[in-house]
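Worth knowing before you read on, the calculation uses all heavy atoms, side chains too, and leaves out hydrogens, waters and symmetry mates.
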Amino acid sequence: MFSAALNLWFQWTDDLTTHVRLLRPYLPDGTPITTSMEEEQLRLQEKELRLQEKELREEAEARAAEEEKRRQEVEIELERLRAELAKLQNETPSE
């Protein structure tokens, strides 16, 4: 149903969580107008998503730092081995 006076659409919907039938208002573009309970639930979900995103970012940063540390350790070991190899090559008598 469309109300020209309110410039809103109305549709019956069944809320499966509360088992209540609601007459829901919708904007002319079809966007539902949320209830205060729905708004609170959306805020809680957004907060949880931000926390999860922060945790994932921190884990990724920690993994990147650990990988950088390992890379530096490998480079140091590689340089040590190269120096040892050069030393061995200099000690070997030429034919």
Practice problem: With sequence neighbours excluded, tell me which residues meet salt bridge (charged side-chain N to carboxylate O under 4.0 Å, His left out) with E53. | Solution: R57
Exercise. For E68, enumerate each residue passing the salt bridge (charged side-chain N to carboxylate O under 4.0 Å, His left out) test, keeping only those at least two apart in sequence or located in another chain.
Key: R71
Nearest-0.5 Å distance, [atom1] of residue [X] to [atom2] of residue [Y]:
X   : Y   : atom1 : atom2 : answer
Q72 : R70 : CD    : CZ    : 12.0 Å
L42 : L49 : CG    : CG    : 10.5 Å
Q45 : E48 : CD    : CD    : 9.5 Å
T35 : L22 : OG1   : CG    : 7.5 Å

In terms of side-chain geometry, is the basic nitrogen of [X] or [Y] positioned less than 4.0 Å from the acidic oxygen of its partner?
X   : Y   : value
E40 : R43 : yes
E38 : R24 : yes
R80 : E77 : yes
R63 : E66 : no

Exercise. Determine which pairs satisfy ring pair (Phe, Tyr, Trp, His ring centres under 6.0 Å) with at least one residue from residues 5-43, sequence neighbours left out, and list them in order.
Key: F2-W9
Exercise. Please name all residues satisfying side chain to side chain donor-acceptor pair (under 3.5 Å) with T17, sequence neighbours left out, ordered by chain then number.
Key: D15
Quiz item: Who are the side chain to side chain donor-acceptor pair (under 3.5 Å) partners of N7, not counting sequence neighbours?
Solution: none
Quiz item: Other than L16, what residues sit in its cluster of Ile, Leu, Val, Met, Phe, Trp and Tyr side chains whose heavy atoms are under 4.5 Å apart, directly or through others?
Solution: none
Find out whether [X] and [Y] are in side-chain contact, i.e. whether some heavy atom of one side chain is under 4.5 Å from a heavy atom of the other.
X   : Y   : result
E79 : I76 : no
I33 : L8  : yes
L23 : Q11 : no

Self-check item: Shared hydrophobic cluster for M37 and L44 (ILVMFWY, side-chain gaps under 4.5 Å)
Solution: no
